[in-house]
Amino acid sequence: MKEKIDKLNAKLKSGFTFFEGGCGTILQAAGLAPGELPEEWNISHPEVIQKMHSDYIKAGADILKSNTFGANYLKFLKEDEAEGRKVIGTHRLNEVINAAFDNARAAIKNSGRDDVFLSLDIGPLGHLLKPLGDLSFDEAYDVYKETVRVGCEAGADLILVETMTDIYEAKAAVLAAKESGLPVILTTAFDETHKLLTGADPKTVVAVAEGLGVDAIGVNCSLGPDMMMEIVDELVKYASVPVVVSPNAGLPRTENGKTVFDVTPDDFTESMIKIAEKGARVLGGCCGTTPGHIGAMVKAVRKLTPVPLSEKEYSLITSYSHSVEFGNAPVLIGERINATGKKRFKEALRAHDMDHIIQVGLDEQEKGAMVLDVNVGLPEIDEPAMMVETVMELQAVTDLPLQIDTTDAVAMEQALRIYNGKAMINSVNGKEEIMNMVFPLAKKYGGFIVALTIDEEGIPKDARGRVRIAEKIYKKAAEYGIKKKDIIIDPLAMSISAEPDSAKVTLDALRLIRDELHGLTSLGVSNISFGLPERDLVNSVFFTQAMHSGLKAAIMNPASIEMMKAYYGFCALNMYDANCTDYIAFAGRYREEMAAMQPAEPGKGAQPVKKTDLYSDIKDEARLPLVEAIVKGIKDRAAAITKQSLDEGVESMELIDGALIPALDIVGKGFEKRTMFLPQLLMSAEAASSSFAVIREVMREKGAGGEPKGRIVLATVKGDIHDIGKNIVKVLLENYGYDVIDLGKDVPPEEVVKTVKEQGIKLVGLSALMTTTVPSMEETIKQLRRECPGTLVTVGGAVMTPEYAKMIDADNYSRDAMGAVRYAETVFSN
Ligand code: B12
């Protein structure tokens, strides 16, 4: 096995390597029915699968993809349960994967070639991970782990994790795959805006994937080769490992009920030559590509000389959506999520006041922090649990990368594991024991490590001594396979009130590390003034000197005006701020703050929400705090403000129409413009739902009581999972005395018809929020007309208009929930 792995790694590094092309589309052409699992064909149609692999081998593919894209035990759960197979290891997954490998191996054997590799192909699970979805990170990992186990036993040479649209899920899959010891390749699917569904750009994907130790990284599916050019540029720019490109044969289109792809083998080849010339070295195809495409491409690309691989010297950390790069303008790391010394924060930790902790982070972000340090260690609390919870909560509401700051090995490992991206790790130092604890974790999960120049002997008094420790740390890290670019040295700032030459020593060390070691440096700047009055005055001067001496990151208080003045001034003066854009924006904020004469402190409780451009459409300023809580996705706060407003006598409808709907509109527009991404949309929806849950209780209490005025069926139509609006309609109808049968969301027409028939329903309300689900609303109405003549249908939802409603034969359209009530009054008064 070792020999085969070496052979594959040598191949990936030495020349071009070719993957197979599309699989699903070939099986569809061979008769795979809609809804049928392609993986089942390994057992039911082995000859089709074998022929497909044989054709690809003949076309020149070097790596086969086992027909196991959707083979995970979640998919086969129902079937297993039906047949009473509950024990993992005896389930359908085993049979399907083993059959897939038998088929592929048969094709390899028939080809007579001994240089064809067989990859275990792993695709997404079809669930979003918590907090966006229903699957926890560890559950996802467990599901992948089982597929990997079976695939390895079946004889995989390598693992291909492909078509990932969420970097968090990709992380779970890659972690499970890496534990096999086999080479792992990750390819993700970007959309037309060059982002993953959950927002990550190519640079971020490279940073996370290389941190996890993948052997090659790339892009597949979604787009045709021409639309991938800029993505390939980015991948090649940042990746040190080989880049993989497997495009679709263009964008799918429907013709006479069939899906077709327009890019011909010749066009495909022409584009793939360009992609190879850009530096991609592992080439294949995805949906719509055929052995014809792969054959033509292999023939042409083989004639080219691959661009040599090179180590890329970018130092990156990431959140789920974007990366922060070290080495250019200094990076500001917010220091306020920290238990040391701050009474209010300690109280919040002890009282488990997550709202306060998160607000501190959000305030730091608003003040200009680019990374948030997270330190929640107190002797009297369970630090690992608190660290995990804080990281989960923070990454649900902010897109800033986090710095995991702890000395507790368990807290560090657990936080790095569930972190959604490549984290900054604070910290390691020159002590053997600490290096042996931190480096393996950084190697496994990826990370950018802050390394303090302290060792068993303590902190050296002079700059040279600190440089020596830095060298020792680099050397030891290299033994663990951690690159210098993933380490930032902190030569330690000690208080000048205790050691008069301490600033000089630190500044000397900064310069030496920059000039002699060509290393990056970071400092906890504020330590320099410990014990002095008006600390910001000294801090900001020291900060300026440090930046001038090469400092590339500072852990600091972004609410300190003095520090921010130093930062923006320095960047503008040193060509880190083109056209002084950031400085000018800061100057505007500075002027405002000076005018208010009340520089805000992070975490100082609720501050008035500023009516920024984002909230310009909000008519009643009293609703801004709720709007903001929903837009930012802070559910506990949304519920608390709602409760408080209702207690103060604000009407429910005023909260719905004045805050809830406009807030979701803001998020919806942001989503459309790609300034906000699915995670934010989901968190906002959750916050809106938690606000509405409070409203619902109050409305229910006030409800009409007595005999129901009539029974109404409500449903969000098939294919559509938006139900906030429908839920509002429901509560209002109930409030006005109607009995509502709520069928939920994503409801098939047949279910609506069945309920209406069984219960003799007179009025049905249907909700649809997407243009793509209007046809399913039309179908539901059609079936109701046929099966339940006499039943009336009212429709609503953001995409609906009176014209659409007429077109699809609805009896009534209502713009809002009150309209639904009014219509019900007319229906049931007759
Ligand atoms: C919240 C939200 C989500 C949440 C939904 C959570 C939930 N439990 O509902 C989540 C994050 C899950 C989500 C997912 C998606 N979403 Co979305 N989402 C939204 C958002 C921001 C707000 C919707 C909302 O709740 N509005 C507030 C409620 C109160 O308003 P309302 O539903 O219109 O209801 C009022 C009236 O219309 C009326 N009404 C509603 N129903 C009914 C029914 C009857 C009978 C009557 C009489 C009246 C009535 O009364 C209500 C109260 O006054 C909208 C943008 C927007 N502003 O509409 C996008 C939006 C609807 N989503 C969109 C998209 C594309 C998606 C996704 C495909 C994203 C993705 N790539 O995965 C998925 C779709 C998944 C699916 N298959 O359905 C697009 C749709 C584009 C289009 N025109 O087709 C929108 C418009 C965003 C955008 N601008 O791009 N989304």
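Note that ligands are numbered from 1 as they come in the structure, with each ligand's atoms numbered from 1 the same way.
Residue pairs meeting the salt bridge (Lys or Arg N to Asp or Glu O under 4.0 Å) criterion with at least one member in residues 135-144, sequence neighbours excluded, are Asp138-Arg417. Residues in residues 217-232 take part in no salt bridge (Lys or Arg N to Asp or Glu O under 4.0 Å) pair, two or more places apart or across chains.
Atom 81 (C) of ligand 1 is never approached by the protein to below 4.0 angstrom, counting heavy atoms only. The presence of a protein heavy atom under 4.0 Å from atom 85 (C) of ligand 1 is ruled out.
Scored by the side-chain contact (heavy atoms from CB on, under 4.5 Å) test, Ser246 finds Asn220, Val244 as partners (sequence neighbours excluded).
The option from Leu132, Leu763, Val795, Ile721 that lies nearest to atom 76 (C) of ligand 1, judged by heavy atoms, is Ile721.
Ligand 1 has no N or O atom lying under 3.5 Å from any N or O atom of Asp657, backbone or side chain. The shortest N or O to N or O distance between Thr771 and ligand 1 is below 3.5 Å. Looking at ligand 1, you'll find an N or O of Asp723 within less than 3.5 Å of one of its N or O atoms. Residue-to-ligand polar distances place Gly719 within reach of ligand 1: an N/O pair is separated by less than 3.5 Å.
Gln783 pairs with exactly one of Arg786, Arg785, Glu779 by the side-chain hydrogen bond (donor to acceptor under 3.5 Å, both in side chains) rule, that one being Glu779. When each of Lys130, Lys632, Lys635 is paired with Glu686, the salt bridge (charged side-chain N to carboxylate O under 4.0 Å, His left out) condition holds for Lys635 and for no other.
Excluding water, every protein N/O/S atom under 2.8 Å from atom 17 (Co) of ligand 1 is given here by residue and atom: His722 NE2.
Contact annotation for Asp720 and ligand 1: heavy atoms of both the backbone and the side chain come within less than 4.0 Å of the ligand. Only the side chain of Val729 comes within 4.0 Å of ligand 1, counting heavy atoms alone; its backbone N, CA, C and O stay farther away. Neither the backbone nor the side chain of Asn812 has any atom closer than 4.0 Å to an atom of ligand 1 (non-hydrogen atoms only). When heavy-atom distances to ligand 1 are checked against a 4.0 Å cut-off, Arg815 comes that close only through its backbone atoms N, CA, C and O. Heavy atoms from both the backbone and the side chain of Asp665 come within less than 4.0 Å of ligand 1.
Remark: ligand 1 atoms within the under-4.0 Å shell around heavy atoms of Val799 are 83 (N). Short contacts between ligand 1 and Gly765, defined as distances under 4.0 Å to a heavy atom of the residue, involve ligand atoms 45 (C).
Within 6.0 Å of atom CZ in Arg253, more than 12 heavy atoms from other residues, nucleotides or ligands are found, so the atom counts as buried in its surroundings.
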